[in-house]
Structure formats: C-alpha cells, structure tokens
Number of protein chains: 2
Amino acid sequence: MAVTIYDVAKKAKVGIGTVSRVINNSPHISPKTKDKVLKVIKELKYQPHAMAQGLASKRSNSIACIVPDFTSYFFVELLRGIQQEISKHGYDLILYCVDELDKKEVFLRRALREKKVDGVLLLSMPIEERDIERFHQSRLPLVLVDSFHPKVDSITVENEQGAYIGTNHLIEIGHEKVAIITGEYNSFPVKERINGYKRALQNHNIPFNEKYLITADSFNNSELLLDHGFNKMAGYISMQKLLDLGNERPTATFIASDIQAIGALRAISEKGLTIPEDMAIVGFDDIELAEWVELTTMSQPKSEIGRIAVDQIINKISGNNPSLLHKSFLPELIIRKSSGTTLRS
Amino acid sequence: MAVTIYDVAKKAKVGIGTVSRVINNSPHISPKTKDKVLKVIKELKYQPHAMAQGLASKRSNSIACIVPDFTSYFFVELLRGIQQEISKHGYDLILYCVDELDKKEVFLRRALREKKVDGVLLLSMPIEERDIERFHQSRLPLVLVDSFHPKVDSITVENEQGAYIGTNHLIEIGHEKVAIITGEYNSFPVKERINGYKRALQNHNIPFNEKYLITADSFNNSELLLDHGFNKMAGYISMQKLLDLGNERPTATFIASDIQAIGALRAISEKGLTIPEDMAIVGFDDIELAEWVELTTMSQPKSEIGRIAVDQIINKISGNNPSLLHKSFLPELIIRKSSGTTLRS
DNA sequence: ATGAAAGCGCTAACAA
DNA sequence: TTGTTAGCGCTTTCAT
C-alpha cells in the first residue's frame, strides 16, 4: 500500500493534522516539529494523494485549456507559453481539443460540475451567454484568450487595428488594388480584421471591392473549415481565386493568418509570379515559420498573451478578486521581403 | 451547493449505491430503476465529482504525457494524435513539458505517488533503470514513445534502418561524399541514425569521414541544445560547417530531422548554392512543413504511433495484461525535390 | 436487484 | 502549537 499521511504521522509521532499543516506550509507550526515531519516525509518518500487532497480541499491544482483542434502553429506557440506559465505556478495543464465548436459546450459543462480543474482557459473560441452565466454562478474562473466577451476576462490582440496597420502598409507602399484573405466569416477575429481592412481602404479613399474579399466560406469544402479556414490549403485556394481575376487582379493581399499566407505564397509562385513584385503580402500572427519564408506580418506577442492569461486565472483561483481584465495587445508590423517596397512596373 | 449523489438518490427514491451503479453502468440493475435514476440525473444535471470518484475508485481517467519541451513540430504532430486518441477513449490528457532531462524524474516520481494519472506516456526520452523499477512496483502503466528500453512497452520507428534507407538513397543517386547532420549524441535516436548512416556507407564501400559527421554537440551553444539540437538553427550552423569544408565539401547530406534540414536549406541558399544540384538533402520525420519546402525525407507515421501508444496504455490501465509491446515502424522514404536525381556535373 | 455502511486519504474546524 | 474529529462525494463490499 502507498504511504499515507497516517504513516507519516505515526512515524513522526505527531497527529495527522500536523503533517497536513507541514504539507500545506501552514504558518502556525514550530520549526522543530516541522523539521521532524519533513524528515519523515523524505524518509518515507511520502507524497500527498492528489485526489484526496482535491476532495477535501476542493482544489485540483489543474487548469483546463480548451483549444480548437491544434492544427495551427499559432495555437501551438500560444499553448507553449501557457503550459510553461501554468507549470511555473505549480499547476497542471489538462488539454482538451474540440474539433467542432458545439463540442466545446460539453467540455465547459463537464469542467463546471466535475470539479476536475480549478479554472478554464478558452482559446480562440466564442462563448455563449448561458455558459457565462453558468461559470459565474459556480464561480469557476474562466479566461478567454484570443476571443472576447464584455463580461469575461479576456486577453486578445487588436484585430481591427492590426488589420488596419497591415493593409495600410500595403497601401502606403503604393498598392491600390489590395485584397484580403481570411478565415470563416463567423470566426471571432475574422470580422474585426475585415473591418480593419475596410477602414484602411476608406482612409485612402479606395472603394471596397467585393471580389477582393475572400473568406474561407467561399469554397464548399468542409475539410478546409476544420480550423475555420486558417490553414495552408485555404490560403492556397483563396489566392488562386484572386489570381484568376485577370486584369482586375490585386497587386497586394492582406492575409489574416500566416499559415494561409504560406499557402498563398505557393499559389503565387506556381503561377510563375513573384513576390513582392507581382503580389505583395502581409500576414498575421508571426508564427515561427513567417521569418523563414520572409513574410511581412502582424506579430502577436504570443508568450506574453499566454503569460498574462495564466496569471489572471491563477489570480482568480487564488481568490484575490481581480477586476475584470480586458487586456488587448497591439500587433506589431514586422516588415520582411513579402511586402517589399517596389511595385511592379 | 453542487448536486451530489445523495440528491439524486433522494429524488429518485433509491439508495446512493444504486445511483452509483447507474453511473458506472453496472450490469446488475433493473432497466426500470436505471431509467428512473437516469431521468433524475438529467433533471438535476448531476455530474459525478471527479475527485471523489477518483479517491474511491482509485482511477483518475487521466493520462500524463511528458514531452521534452515541445518546440519541435514533430512532437506537436505526435501529440495531436495522442490527444485525439486519449479523448476518444474518454480520458483526459495532462501535459507536462520538461526543458531539462533531469526534471523528467520529478514528474515521473510525482506521477507515481500522487495518483493523479492512470498512466504515463513518455515521449522521446530515455528512462533510468530505477524509474522502471518504481513503475513496475507501483504497477502504474508506462509506455515509451519514440524511445526504447527492453523492459518497457515502446512504440518507435526504426531509426537505424530509416537512416540507412535515407543515406542509401543519396548514394544510389550518385553521391559519394555524403555527410550526416544530427542532434546531440546522447539523444536516443541519434546514435541509431548515425549507425544506419554508417552502414549505408559501408555497404557501398565508402569510408567514413569524421568531418562529415556533425552532431549538435559540436557547437558550444546551450541555446541550441534545448531540444537536443533538433532545431532550425542547429541545422543551419551544422550545414555551414559542412559548406566551409572547401573542396572536401560533401555533395549530399542526410539530416536526422526535418526541422534541422530546414535550417540547412537556408544555409545552402545563403551561400548561393542550389538544392539539389550543389547539395542534395534527405531529412527525417516528414513534418507538415517538409512537403512545403519539397524536402525528401523519411516519413514517420505519427498519428499511427500515437494511436498505438494510447491503445496500449489504455489496455494496461484496463487491466488486460497485454504482453510487453515493442512496436517499431519502418519509416518510409518520401522523395521530393531536395534529393533530386541530378548530380552537379 | 437494491440499501446500508465502511472506507478512500486528505483538509479544516474545533478543542485543548 | 498541536491532536482529534467530522466531513469531502464517491465506490464497493456485505447483507438483504
């Protein structure tokens, strides 16, 4: 049988309460007995039983992270920061992936009642009003990452402004026919990014051209929508559509995710066109790969986002009622070769 | 207060034992009472408390996965398959990352005593004899993935043979000066891959040239060793070393991971050399990116590996004492542009 | 087939 | 400061 708190108590000739206090760093304990107990704990290689601790204390020392099917490098890089920070605080990360958005609810409700985690981090997913209410009632800390709702703590980037800056960059280096490629229209950041794109056009008195807006919904291929169209293939196909526009073809494209941009790059070179001369590109995310393919992009501070999100949720778990947090980072324009500064002709 | 098994029992007018039986799908229960209880469970939105279940049943429905700091795309892709399979079986994945190999022990021992997980998946990490003994004694299921020890279940690829095939491919298309770039020498797969490389040379009576073996230990930069040298930068620097060999320069290189190969590609093009004419490349892993950069590589069946590993550990958890499993997959040569078939004059 | 009751290993409130 | 004890919410005998 595994060694329990009773074994430790007996061997140290103290009560189990005392052992418990030692384990939990209770301040009210004499250094002498503390040392004695600690010694026995070491001798017996005692380790508290997580479930028993959890049941009695109503804490699990685990945080759930629900991610939308981590195909995307962006999530992976975000997740990396989150894991590190969670681990640093002595918590464990339980990872859930949902391939369909509806399934998210199942996890949320389970998390709520099952009491297996002390808090939930929801990545890049919308949340329904009734779920918010549920979390509020059960007082289970919830933090949104890369998603927004006025009533829930959230860490985001300024999608609208980011798209504005990216599009603006393309216009300012001389492009007038600027297109946008983005994910599924009902994905949270997509609308905002489209708005930023439109605002940049407006600012320069460039009329919005319907044909220059390619969302992932455009093509009827559910395969490509698994991650809301934020994938290489979707970017590839979207760019093909733009290139098929003949002499109406845009000379520059703002692409709302680097991974789509990477697909787009291929579509461009396959047509025998060059970047940035024939088509200038600005992406979004600054995934590790972006530098590799010399992609100009709007950089998201991924590890910073992860850090803040975890700090906030741990703050809430710890009971220091922090005020509602809506932290938003401004993405930074990283200029690389794909936008260039030269125009074609 | 949350609804407990007592609330359900009271409302359904049965004992808590009966409710418990319903929850756990016990066969000895009349369909009638089962329905009645199920109805109440739904009405009350009852969900068993995970900790209480765990404490009483000694099962946590969680599986730990210890990965070496998931910087690498290979791990991510592996992890994806593992998560899916774990989830499919109704288990939760607790993810631990260890940046230093020594820290692994901490997690292993904690997993052993803390009873927070029902099994442990160890990815790409060696395991010490004494830890094996500990796991054996406490009967906590352990499965190695991408690592090997005779006494522990393991899912691997045939590194030696894979390296052999990759190197052999380069030799057969005409190369004689074939180098190898790989990770830290003490990393498990590295030695095997070096052996496969050497065997291929031998088979063709090509003498082994010390200068053509670049391991990640070669350079004194601990940054680069975080993931045992399996990263872009390490590949980049390693290739530079080879290119600096002047007229002794190899014409082909087998690179023991795609991510290093990607770094190497850059080093080559920066020197104004072309691939595959000046330098042919074969990588290892077939990460998603490999196709993108047209890298010939030895493909590992990542989702298959994950699936088998999870199935095995769940089998062990379920108590069907499966016999010791040592499944090894043969990596498959995927020929793309980076190896080409043309030699440079 | 079902109910009652004894734990599972711990925390926390209460006494001392 | 410390020991004792009553739960935490469930599973699992053991009766019935």
Side-chain angles (χ1 to χ4, degrees), chain A residues 1-38 40-41 44-62 110 112-118 138 317-319, chain B residues 1-38 40-41 44-62 110 112-118 138 319:
Chain A
M1 212 50 218
V3 23
T4 74
I5 202 171
Y6 285 94
D7 303 317
V8 176
K10 193 190 288 177
K11 184 151 185 189
K13 298 183 200 306
V14 296
I16 60 163
T18 304
V19 178
S20 177
R21 276 170 212 121
V22 172
I23 295 168
N24 297 290
N25 278 306
S26 160
H28 301 297
I29 192 159
S30 81
K32 204 179 134 195
T33 44
K34 182 167 180 175
D35 282 354
K36 187 172 59 181
V37 172
L38 242 23
V40 175
I41 285 179
L44 262 39
K45 296 186 204 298
Y46 167 73
Q47 168 93 245
H49 189 294
M51 300 284 171
Q53 271 189 313
L55 181 56
S57 69
K58 303 180 176 322
R59 277 179 277 105
S60 66
N61 281 307
S62 300
R110 201 150 66 83
L112 233 32
R113 318 217 143 284
E114 204 187 28
K115 296 281 156 77
K116 198 168 183 171
V117 296
D118 296 337
S138 55
I317 291 172
S318 309
Chain B
M1 212 49 218
V3 23
T4 74
I5 201 170
Y6 285 93
D7 301 319
V8 177
K10 193 188 290 177
K11 184 152 188 188
K13 299 185 199 305
V14 296
I16 59 164
T18 303
V19 178
S20 177
R21 275 169 212 122
V22 172
I23 295 169
N24 298 289
N25 278 306
S26 161
H28 300 296
I29 192 157
S30 81
K32 205 181 133 193
T33 45
K34 182 167 179 175
D35 281 354
K36 187 172 60 181
V37 171
L38 242 24
V40 174
I41 286 180
L44 263 38
K45 296 186 204 296
Y46 167 73
Q47 168 93 246
H49 188 295
M51 299 285 172
Q53 271 190 313
L55 181 57
S57 68
K58 304 184 175 319
R59 277 178 277 104
S60 66
N61 281 307
S62 301
R110 200 149 67 84
L112 233 33
R113 319 217 143 283
E114 205 187 25
K115 297 280 157 79
K116 197 168 184 172
V117 296
D118 296 337
S138 55

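Below, each value reflects all heavy atoms present in this structure, side chains not excepted, and no hydrogens, waters or symmetry copies. Proteins come first, then strands; the chains are lettered A, B, ... in the order of their sequence lines, and each starts at number 1.
Side-chain nitrogen and oxygen atoms of B:R59 include at least one within less than 4.0 Å of the OP1 or OP2 phosphate oxygen of D:dT12. Dashed line: the shortest gap from a side-chain N or O of A:S57 to OP1 or OP2 of D:dC8 is not under 4.0 Å. In this structure, B:T33 reaches the C:dT2 phosphate: one of its side-chain N or O atoms is under 4.0 Å from OP1 or OP2. The side chain of B:H49 places no N or O atom within less than 4.0 Å of a non-bridging phosphate oxygen (OP1 or OP2) of D:dC10. Dashed line: the shortest gap from a side-chain N or O of A:Y6 to OP1 or OP2 of D:dG3 is not under 4.0 Å. Remark: B:S30 is not in phosphate contact with C:dA1, judged by side-chain N or O atoms under 4.0 Å from OP1 or OP2. Between C:dT11 and A:S20, a contact under 4.0 Å exists linking OP1 or OP2 to a side-chain N or O.
As rounded to whole Å, 17 Å separates atom P of D:dG9 from atom CG of B:N24. If you take NZ of B:K58 and P of C:dG7, they are 13 Å apart, rounded to a whole angstrom. Per the geometry, CD belonging to B:Q53 stands 13 Å off C1' belonging to D:dT12, to the nearest Å. Atom CZ in A:R21 sits about 8 Å away from atom P in D:dG3, given to the nearest Å.
Here B:K32 lies out of heavy-atom contact (under 4.0 Å) with every strand. The residue B:I29 sits close only to the backbone: its heavy atoms come under 4.0 Å of sugar-phosphate atoms, none of a base.
Annotation: side chain of A:R21 is not in contact with side chain of A:V37 (no heavy-atom distance under 4.5 Å). Proximity of B:V19 to B:K10: side-chain heavy atoms (C-beta onward) are nowhere separated by under 4.5 Å.
The nearest heavy atom of DNA chain C to A:Y46 and to B:G15 marks one nucleotide each, and the one closer to the 5' end goes with B:G15.
Open room surrounds CZ on B:R59; 12 or fewer heavy atoms of other groups in view lie less than 6.0 Å from it.
In this structure, the nucleotide among C:dG3, D:dC10, C:dT11 sitting nearest to the side chain of B:I5 is D:dC10. Of the candidate nucleotides C:dG9, C:dG3, D:dT1, D:dT1 has the atom lying nearest to any side-chain atom of A:H28. Side-chain proximity of A:T18 to the nucleotides D:dT2, D:dT11, C:dC8 is greatest for D:dT2.
With sequence neighbours excluded, the residues forming a salt bridge (charged side-chain N to carboxylate O under 4.0 Å, His left out) with B:K116 are A:D92, listed by chain and number.
Atom-to-atom distance recorded for A:L38:CG and A:T33:OG1 is 10.0 Å, nearest 0.5 angstrom.
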